[in-house]
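Below is one structure, written out as structure tokens; comments come after it.
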Amino acid sequence: MLKINGEIFGDEEFRNKEAVYKKPKLNTDINTITLLFESNKDIANLAMAHSYLNIHATEQKKLLLMPYLPYSRMDREINDQIFSLRYFLNLT
């Protein structure tokens with residue numbers, strides 16, 4: 001689950017399973033994204049939220065809270081598995 005300023009972001013879906021992103025209420029000083037990782041869907045929501053704030057909250061500070069860092073176990077390349085953490089971190 002992902003929240004912007006305490007509001008759930010991207011939890012609704014169209015019939016074809018694409019997420020519906022409704023405009024969140026933005027603060028004038030700092031905007032907080034909270035990522036409570038449940039599935040890879042949350043990563044897409046994070047990318048959308050990050051891009052939205054970069055365009056619509058350019059003057060405000062942004063804070064990302066993540067109690068759990070997705071893909072943190074994949075902190076290096078192992079055999080046929082990619083270095084997933086590196087690619088996740090490139091999203092933000």
Side-chain angles (χ1 to χ4, degrees):
M1 173 190 329
L2 188 124
K3 296 180 180 182
I4 298 179
N5 299 324
E7 293 180 38
I8 296 175
F9 183 76
D11 66 326
E12 295 178 40
E13 291 182 342
F14 290 109
R15 298 180 97 192
N16 66 352
K17 302 293 183 190
E18 290 176 347
V20 175
Y21 295 104
K22 295 187 177 180
K23 294 179 182 179
K25 292 181 183 132
L26 299 179
N27 295 326
T28 57
D29 53 350
I30 188 166
N31 290 290
T32 304
I33 297 174
T34 305
L35 175 65
L36 303 169
F37 184 77
E38 295 173 339
S39 72
N40 285 334
K41 176 184 171 189
D42 297 320
I43 295 173
N45 291 345
L46 175 61
M48 291 290 191
H50 183 253
S51 293
Y52 182 82
L53 291 181
N54 280 343
I55 292 169
H56 297 283
T58 56
E59 302 298 318
Q60 295 84 3
K61 293 182 181 180
K62 297 159 193 75
L63 176 65
L64 174 60
L65 301 175
M66 291 188 299
Y68 171 76
L69 181 61
Y71 296 100
S72 58
R73 293 184 182 102
M74 286 306 301
D75 61 352
R76 61 192 172 282
E77 194 170 304
I78 301 172
N79 300 324
D80 63 342
Q81 298 174 358
I82 67 171
F83 183 2
S84 310
L85 178 60
R86 172 184 288 165
Y87 304 118
F88 171 74
L89 294 176
N90 285 338
L91 293 174
T92 59

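This one's a predicted model, so the numbers in the text were calculated from it and none came from an experiment.
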Legend entry - Pairs flagged by side chain to side chain donor-acceptor pair (under 3.5 Å) wherever residues 38-48 is involved - sequence neighbours left out: Y21-N45, N40-Y71

Inset, instruction - Report whether M1 and M66 are members of the same hydrophobic cluster (ILVMFWY, side-chain heavy atoms less than 4.5 Å apart, transitive linking). - result: no

Legend entry - ILVMFWY network linking F37 to I8, side-chain heavy atoms under 4.5 angstrom: no

Inset, instruction - Please answer: with hydrophobic residues joined when any side-chain heavy atoms are less than 4.5 Å apart, are M48 and L35 in the same cluster? - result: yes

Inset, instruction - Kindly state each residue pair satisfying side chain to side chain donor-acceptor pair (under 3.5 Å) with at least one member in residues 56-66, sequence neighbours excluded. - result: none

Legend entry - OG1 on T34 to CG on L63, rounded to 0.5 Å: 7.5 Å

Inset, instruction - Measure the CG-NE2 distance between L64 and H50 for me, rounded to the nearest 0.5 Å. - result: 8.0 Å

Inset, instruction - Decide whether I55 and L46 are clustered together by the hydrophobic rule: side chain heavy atoms of Ile, Leu, Val, Met, Phe, Trp, Tyr closer than 4.5 Å, transitively. - result: no

Legend entry - L36 reachable from I4 in the ILVMFWY side-chain graph, under 4.5 Å edges: no

Inset, instruction - Return the minimal non-hydrogen interatomic distance between A19 and G10, and the atom names on each side. - result: CB-O, 4.1 Å

Output side-chain donor-acceptor pairs under 3.5 Å for residues 23-31, partner residues at least two apart or in another chain, one line each.
{"from": "N27", "atom 1": "ND2", "to": "N5", "atom 2": "OD1", "distance (Å)": "3.2"}
{"from": "N27", "atom 1": "ND2", "to": "I30", "atom 2": "O", "distance (Å)": "3.1"}
{"from": "N31", "atom 1": "OD1", "to": "N5", "atom 2": "ND2", "distance (Å)": "2.7"}
{"from": "N31", "atom 1": "OD1", "to": "N27", "atom 2": "N", "distance (Å)": "2.7"}
{"from": "N31", "atom 1": "ND2", "to": "N27", "atom 2": "O", "distance (Å)": "3.4"}

Legend entry - F14 CZ: over 12 foreign heavy atoms closer than 6.0 Å: no

Inset, instruction - For N79, look at atom CG and say whether over 12 heavy atoms of other residues, nucleotides or ligands are found less than 6.0 Å away. - result: no

